[in-house]
Amino acid sequence: MNNFNNKVVLITGAGNGIGRATALAFAQQGASVVVADINQIDGEETASQITQAGGIATFLSCDVTIEQDVKELVDGTLAIYGKLDIAFNNAGIEIEQSKLADGDEAVYDKIMDVNVKGVWRCMKYQIPAMLLQPTSVIVNTASIAGLGAAPKMSIYCASKHAVLGLTKSAAVEYAKKGLRVNAVCPAVIDTDMYKRATQNDPQKQQYVNNLHPIGRIGQPEEVAGAVLYLCSDLAGFTTGVALPVDGGSTAI
Ligand code: NAD
């Protein structure tokens with residue numbers, strides 16, 4: 001794996017789950033990590049785990065639905081570390097659990113505001129800073145729900161399809177400027193989001209395990225591995241891709 005010494009990495013939704021695992025992984029590879037999250041306690045905990053292990057990290061509070069927060073997040077990163085090399089736009093929510101016709105407009109707006117507009121806002125403020133570097137990389141968190149249907153999660157599904165639209169368009173727009181833009185598409189990953197969805201019900205959990213040809217759900221560290229690969233020089237010719245991290249789910 002590449003060494004991320006001297007790289008500055010900004011991660012949203014880094015207070016928990018996939019974001020935290022990726023923050024820890026980047027820090028272990030030598031990166032300076034800006035841990036961004038709406039949840040101050042959880043974000044500070046991630047930063048503290050990194051610094052206690054000898055790494056470099058700063059927590060910056062950010063709600064990706066607030067433009068000023070996002071602007072201050074990028075400005076703060078530049079003020080503290082002087083540059084931005086890598087961004088992992090990962091903050092996302094699920095909430096909705098109903099068929100399309102039973103959906104609620106406020107839920108629609110909330111999911112889209114965090115999952116789509118949040119990623120758009122982040123890229124809008126990150127890209128000008130990243131173009132100052134000879135090379136830079138953005139990875140956005142989509143989902144296998146960005147690649148196909150997600151029954152009873154149609155709004156979430158649409159939001160993750162939209163993340164791929166933003167990812168691919170930005171990848172093409174900035175390909176000649178040294179900026180690569182890719183997405184990861186996890187299947188079910190063992191985080192609080194999964195625990196909320198299955199409510200610790202062993203039957204539900206077994207059902208979800210069986211959806212994956214590999215016979216189990218994924219671990220956040222396995223998504224982190226894919227993100228680090230996409231951000232490394234090993235992926236220097238890779239831009240505009242939606243990489244499934246899914247135990248074979250989309251191969252069926
Ligand atoms: P999680 O709920 O464990 O963590 C999400 C983090 O995002 C939390 O720390 C939360 O505080 C933060 N967050 C939420 N709203 C925010 C906002 N408005 N601004 C800033 N931070 C905010 O979830 P996770 O499972 O780690 O999910 C991370 C990403 O992965 C999400 O985009 C999710 O849609 C996606 N994903 C998750 C799974 C899964 O099964 N867990 C599968 C596919 C994709």
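Along the sequence shown, residues carry numbers from 1. Atoms within a ligand are numbered from 1 in the order they appear, just like the ligands themselves. Computed from heavy atoms alone, side chains included, the values below leave out hydrogens, waters and symmetry copies.
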Donor + acceptor pair across side chains of N115, E94 (<3.5 Å): no
Close-range residues for ligand 1, whose non-hydrogen atoms fall below the 4.0 Å threshold: G13, G15, N16, G17, I18, D37, I38, N39, C62, D63, V64, N90, A91, G92, I93, T141, A142, S143, Y156, K160, P186, A187, V188, I189, T191, D192, M193, R196
Pairs of donor and acceptor atoms involving the side chains of residues 74-81, under 3.5 Å and at least two apart or interchain, shall be tabulated with distances.
| residue | atom | partner | partner atom | Å |
| --- | --- | --- | --- | --- |
| D75 | OD2 | K71 | NZ | 3.0 |
| T77 | OG1 | L73 | O | 2.8 |
| Y81 | OH | T58 | OG1 | 2.6 |

Taking every non-hydrogen atom, the tightest pair across N3 and Q29: OD1-O, 3.3 Å
Partner residues of K152 under the side chain to side chain contact (heavy atoms under 4.5 Å, CB included) criterion, sequence neighbours left out: K99
Beyond-backbone contact of F59 with S61, side-chain heavy atoms, under 4.5 angstrom: yes
V114: partners by side chain to side chain contact (heavy atoms under 4.5 Å, CB included), with sequence neighbours left out: V64, T65, I93, K110
